[in-house]
There are 2 protein chains.
Amino acid sequence: MVETAIEMDKAALILKLLGDQTRLTMLKILDRHACCVCEFVEIFQMSQPAISQHLRKLKDLGLVQEERKGQWIFYSINKYSGEYSFLQQVLDQLPNQDLKIIELEKNGTRISCC
Amino acid sequence: MVETAIEMDKAALILKLLGDQTRLTMLKILDRHACCVCEFVEIFQMSQPAISQHLRKLKDLGLVQEERKGQWIFYSINKYSGEYSFLQQVLDQLPNQDLKIIELEKNGTRISCC
DNA sequence: TTATCATATAATGATTTGCTTATATATTCA
DNA sequence: TGAATATATAAGCAAATCATTATATGATAA
């Protein structure tokens, strides 16, 4: 089956979410590493509700998914989203953000789940 | 020379502009056809100042350029923008909008400049 | 020159956005 | 069970956004 192009309205909704530096960086990080809320709080030095609200928007559009592991909820890219390849084409053009994860590991604030 | 990745903050600024259905459609149209303001007014059924303001934002980021031809000002994609390839990767994923130009031609509202 | 057409800019207002603080819910651990 | 930790949700507010109407600017044509 041929992959159908994304609709303009759906594309605009997604791009609007990507048009925020916090969410854009979140997605670039999630593209390679599942993360929980408290890690993003550390990375962005932003309040926990602010982080949760950003993730909620990404989840509402189906771009990310969540999985609870104990007391933490890990977010990751939803590879089964109908717009995954659209998203991926954008993220692929952005600079790698692994350094932010490496810094968490140095700080000892990286949550390594079982 | 290796093409450097776009910076996150610049990417976010561009994506924010793309995250509006009017501007996103404008850019997809401009990707194949230079257009003037009055054509967009017809296409989007929106006031002339609203169209001008959208184009201003696109021009401020260097995504489009303008060229006066007589009383009209034609806008087109700025292929010499440093972010042209970034923009192009997004636009390439969107459905073709040529129908909007074809409808202008049917209406007789397409401006064919000399 | 004056009227007309195309466009830009300014001022305004309703809506949306992105944070904050306060509070609720869910899990873990002593 | 009760305290601590992680997260979500609600309410509120300042700033940004996107349209509108009014007006200014610039080009063309009578």
Side-chain angles (χ1 to χ4, degrees), chain A residues 8-9 12-27 30 34-61 63-76 104 107-114, chain B residues 8-9 12-27 30 34-61 63-76 104 107-114:
Chain A
M8 291 299 282
D9 57 346
L13 283 177
I14 292 175
L15 293 166
K16 182 183 291 188
L17 287 196
L18 300 190
D20 172 278
Q21 191 157 4
T22 302
R23 284 191 297 264
L24 187 63
T25 308
M26 275 179 167
L27 284 169
L30 290 176
C35 282
C36 61
V37 175
C38 60
E39 290 174 314
F40 283 131
V41 169
E42 177 71 19
I43 289 171
F44 294 109
Q45 295 289 305
M46 195 178 282
S47 74
Q48 172 266 314
I51 297 296
S52 283
Q53 286 158 16
H54 281 304
L55 288 166
R56 180 95 206 293
K57 290 178 182 177
L58 296 175
K59 201 185 66 172
D60 283 350
L61 247 58
L63 301 183
V64 304
Q65 59 196 6
E66 57 180 33
E67 181 187 4
R68 180 176 279 278
K69 290 190 178 171
Q71 57 191 150
W72 297 288
I73 296 177
F74 281 78
Y75 285 84
S76 56
L104 283 189
N107 290 350
T109 48
R110 174 75 169 152
I111 310 294
S112 314
C113 74
C114 41
Chain B
M8 291 298 285
D9 56 347
L13 283 177
I14 291 175
L15 292 166
K16 184 184 289 189
L17 287 196
L18 300 189
D20 173 277
Q21 189 156 5
T22 301
R23 284 191 298 262
L24 187 63
T25 307
M26 275 179 166
L27 284 170
L30 291 177
C35 283
C36 61
V37 174
C38 60
E39 290 173 314
F40 283 132
V41 169
E42 177 71 20
I43 289 171
F44 294 109
Q45 293 291 302
M46 197 177 283
S47 73
Q48 173 267 314
I51 297 295
S52 282
Q53 285 158 18
H54 281 306
L55 288 166
R56 181 97 209 290
K57 290 177 183 179
L58 296 175
K59 201 185 65 170
D60 282 350
L61 274 191
L63 301 182
V64 305
Q65 59 196 5
E66 57 180 35
E67 181 186 4
R68 180 176 280 277
K69 291 190 178 171
Q71 58 190 149
W72 297 287
I73 296 176
F74 282 78
Y75 285 85
S76 56
L104 283 188
N107 291 350
T109 48
R110 172 76 169 151
I111 310 292
S112 315
C113 73
C114 38

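Quick note: numbers below take in every heavy atom, side chains included, and nothing from hydrogens, waters or symmetry partners. As the structure is a computational prediction, the values presented were derived from the model and not from experiment. A note on names: the letters A, B, ... follow the listed sequences, proteins ahead of strands, and every chain is numbered from 1.
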- [ ] Take the protein atom CD of Glu66(A) and the nucleotide atom P of dA6(D), then report the distance between them rounded to whole Å.
- [x] 17 Å
TODO: State whether the side chain of Glu39(B) and the backbone N or O of Ile111(B) hold a donor-acceptor pair below 3.5 Å, judged by distance alone.
DONE: yes
TODO: Report the distance from atom OG1 of Thr22(B) to atom CG of Leu27(B), rounding to the nearest 0.5 Å.
DONE: 11.0 Å
Task: Met46(A) CE - dT21(C) P separation (whole Å) - done: 13 Å
- [ ] Write down the atom of Arg110(B), the atom of Cys35(B), and the distance for their closest heavy-atom approach.
- [x] NH1-SG, 3.7 Å
Open item on the list: Would the distance check show the side chain of Arg68(A) and the main-chain N or O of Gly70(A) forming a donor-acceptor pair, the cut-off being under 3.5 Å?
Closed with: yes
Open item on the list: Nearest whole Å is fine: how far is dT17(C) C1' from Gln21(A) CD?
Closed with: 16 Å
- [ ] Using a 4.0 Å heavy-atom cut-off, write out nucleotides 21-30 of chain D from 5' to 3' as B (base contacted by protein), S (sugar-phosphate only) or - (no contact).
- [x] BB----SS--
Task: Gap between atoms CD1 and P, on Ile51(B) and dT9(C) respectively (whole Å) - done: 15 Å
TODO: To the nearest Å, give me how far apart CD (Glu42(B)) and C1' (dC5(C)) are.
DONE: 16 Å
Open item on the list: Please classify the nucleic acid contact of Tyr75(A) as base, sugar-phosphate, or nothing, using heavy-atom distances under 4.0 Å.
Closed with: sugar-phosphate
Open item on the list: With a 4.0 Å cutoff (strictly under), does any side-chain N or O of Arg56(A) reach OP1 or OP2 of dA8(D)?
Closed with: no
Task: Nearest-0.5 Å distance, CG of residue Leu55(B) to CD1 of residue Ile73(B) - done: 10.0 Å
TODO: Write down the distance between NE2 (His54(A)) and C1' (dT16(C)), rounded to a whole number of angstrom.
DONE: 14 Å
Task: Nucleotide dA16(D), atom P - distance to NZ of Lys16(A) in whole Å - done: 17 Å
Open item on the list: Once rounded to the nearest 0.5 Å, what's the spacing between atom CD of Glu42(B) and atom CG of Leu104(B)?
Closed with: 6.0 Å
Task: Pairwise distance CZ(Arg23(B)) to OG1(Thr25(B)) - rounded to 0.5 angstrom - done: 11.0 Å
Task: Residue Asp20(B), side-chain heavy atoms: nucleotide from dT7(C), dT7(D), dC18(D) that is nearest - done: dC18(D)
- [ ] Specify the separation, in whole Å, of atom CG of Leu18(A) and atom P of dT17(C).
- [x] 14 Å
